[in-house]
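Chain letters run A, B, ... following the sequence lines, proteins first, then strands; residues in each count from 1.
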Protein chains: 2
Amino acid sequence: MPEASTTTRRDELLAIAGKLFAERGFRNTTVRDIADAAGILSGSLYHHFDSKESMVDELLDTFQQQLFDQYDEIVASDRSPLEKLDAVVRASFAAIDAHHSEVAIFQNDADFLATFDRFAYLIERNKRFQKLWTGLLREAVDAGELRADLDVELVYRFLRDTVWVAVSWYRPGGELSADEVATQYLSILLEGIASHG
Amino acid sequence: MPEASTTTRRDELLAIAGKLFAERGFRNTTVRDIADAAGILSGSLYHHFDSKESMVDELLDTFQQQLFDQYDEIVASDRSPLEKLDAVVRASFAAIDAHHSEVAIFQNDADFLATFDRFAYLIERNKRFQKLWTGLLREAVDAGELRADLDVELVYRFLRDTVWVAVSWYRPGGELSADEVATQYLSILLEGIASHG
DNA sequence: GCCTACCAAGCAATTGCTTGTTTGGGATAC
DNA sequence: GTATCCCAAACAAGCAATTGCTTGGTAGGC
């Protein structure tokens with residue numbers, strides 16, 4: 001069972017497709033674009049994949065599962081709420097670094113894709129994501145680690161946007177590492193969110 | 001010269017097109033979509049406009065000119081750097097409220113459009129925008145109104161993203177007014193940016 | 001000799017846009 | 001008053017290009 005090498009070409013094509021989806025959007029990337037980038041003809045893609053849809057599906061699904069596994073591990077740990085929040089933010093920036101295409105696709109095309117039954121799971125995961133983050137924020141407030149007068153829902157959007165929008169300018173291998181960016185972001189953010197002491 | 005009513009139908013169609021461009025992106029909106037929403041046939045659009053491109057062009061160009069006029073006025077006023085920054089942020093949130101479609105289109109499609117000669121002005125205006133905002137940030141740092149240890153470029157991105165990304169969730173006529181959101185955003189932000197005293 | 005990876009050709013649907021024509025209401029001429 | 005003209009606004013039909021995807025076949029390594 002030579003699994004490791006059997007999946008190679010397929011994964012290669014997936015990565016190429018992901019990069020293009022991320023750059024120009026799912027709907028604005030043609031199967032011929034993908035094939036050209038891979039050096040083959042568009043019809044040949046269908047030897048590997050059922051459809052263009054199933055390519056994004058696979059990209060987003062596997063990425064999200066990995067990310068949530070990390071989140072769950074952090075939440076289940078015995079750190080303080082604020083420390084958990086810190087870890088979750090760092091894990092998210094690490095995801096932007098390691099899975100740049102997938103994050104960009106999610107940012108740009110999730111709303112559209114979610115209108116199809118096949119991608120209904122995106123909506124559920126989004127809710128789960130929101131519950132997890134707002135939960136941590138509330139716990140941190142209750143623990144006295146964050147200001148008590150915060151509008152948690154608004155802070156959630158603020159935090160979420162600030163983190164994920166970074167995919168639009170952060171480039172893996174650039175001047176700042178993902179964790180350095182995370183450190184600076186958290187510094188700026190916490191000076192406003194942390195209770196004064 | 002009944003100018004006021006002569007331009008009405010055209011403006012109506014522009015607004016319809018803008019809304020659709022904002023919702024599903026420029027490239028993913030067909031001229032038939034626009035025509036359907038307007039209750040006419042796609043060919044009839046070409047009585048009013050040269051092309052689909054010229055519709056976005058007109059939408060973005062006029063909007064940006066208005067916005068920059070406001071920015072320039074604020075910058076030219078005799079307020080302190082921090083007060084100017086405050087005003088610029090509020091003006092931006094007001095723009096999200098008053099020109100929701102245009103902001104959304106700019107957020108989503110500017111990068112793509114900017115690859116065409118016709119939309120080269122988007123790149124220039126973007127540079128001008130960055131200079132204006134980073135200039136204000138630097139002045140505020142120099143004036144002692146903001147922390148001196150800030151990475152101004154990073155703060156700029158942070159600020160810019162935080163403001164404009166709001167177009168993805170803010171809905172005119174919703175619970176919070178644009179200025180209320182601006183106030184809360186500034187509060188959260190400044191507690192981290194303002195020099196401690 | 002089978003299986004992975006691909007090519008070659010093409011189909012039905014959708015795209016932006018063009019062309020020629022029709023409609024209906026207001027200004028103008030008589 | 002009414003006949004004439006005009007013109008904005010729309011329709012009807014279709015064209016060339018592009019879209020996702022299908023079908024049937026081929027090359028080459030294990």
Problem set entry | Rounded distance (Å) that lies between atom C1' of C/dC6 and atom NE2 of A/His48 | 8 Å
Problem set entry | DNA chain C contacts among residues 39-47 of chain B, heavy-atom distance under 4.0 Å | B/Ser42, B/Gly43, B/Tyr46
For this session: Check the angle between the aromatic planes of B/Phe129 and B/Tyr71 and answer parallel, tilted or perpendicular using the 30° and 60° thresholds.
Result: tilted
Exercise. How many Å lie between CZ on B/Phe49 and P on D/dA8, as a whole number?
Worked result: 15 Å
Seminar exercise, completed: note: B/Lys52, atom NZ; D/dT18, atom C1'; distance rounded to Å ~ 13 Å
For this session: Begin from the C-alpha positions of B/Arg27 and B/Asp109 and carry the test salt bridge (charged side-chain N to carboxylate O under 4.0 Å, His left out) through to its verdict.
Result: CA-CA 8 Å; B/Arg27 278 175 292 181; B/Asp109 295 313; 5.1 Å; no
Exercise. Does the pair A/Arg9 and A/Glu12 meet the rule for a salt bridge (charged side-chain N to carboxylate O under 4.0 Å, His left out), with working shown?
Worked result: CA-CA 5 Å; A/Arg9 182 51 173 163; A/Glu12 223 175 287; 2.9 Å; yes
Exercise. Going by heavy atoms in the side chains, are A/Val75 and A/Leu132 under 4.5 Å from each other?
Worked result: yes
Problem set entry | Closest listed nucleotide, where the reference is the side chain of A/Arg9 and the choices are C/dG16, D/dC21, C/dA5 | C/dA5
Got a list of protein N/O to nucleotides 27-30 of chain D N/O distances below 3.5 Å?
none

For this session: Assign the ring pair A/Tyr156 / A/Trp133 to parallel, tilted or perpendicular, where the plane angle (0 to 90°) is split at 30° and 60°.
Result: perpendicular
For this session: Look at the side-chain N and O atoms of A/Arg27 and state whether any lies under 4.0 Å from the OP1 or OP2 oxygen of D/dG20.
Result: no
For this session: Please work out whether the ring planes of A/Tyr121 and A/Phe119 are parallel, tilted or perpendicular, with thresholds of 30° and 60°.
Result: tilted
Exercise. To the nearest Å, how far apart are B/Glu12 CD and D/dA9 C1'?
Worked result: 12 Å
Exercise. Under 4.0 Å between a Lys/Arg side-chain N and an Asp/Glu carboxylate O for B/Glu73 and B/Lys84?
Worked result: no
Seminar exercise, completed: By nearest-nucleotide position on DNA chain C, the 5'-leaning member of A/Ala38 and A/Arg32 is A/Ala38
For this session: Kindly say whether the aromatic ring centers of B/Phe63 and B/Phe106 come within a distance under 6.0 Å.
Result: no
Problem set entry | Separation of atom CG in B/Leu13 from atom P in D/dA8, rounded to whole Å | 15 Å
Exercise. Start at the 5' end of DNA chain D and walk down; is the nucleotide closest to A/Asp33 or to A/Asp50 reached first?
Worked result: A/Asp33
Exercise. In whole Å, what is the span from the CD1 atom of A/Ile34 to the P atom of D/dG20?
Worked result: 8 Å
For this session: May I ask you to decide whether B/Asp33 forms a salt bridge with B/Arg24, counting only side-chain N to carboxylate O separations under 4.0 Å?
Result: yes
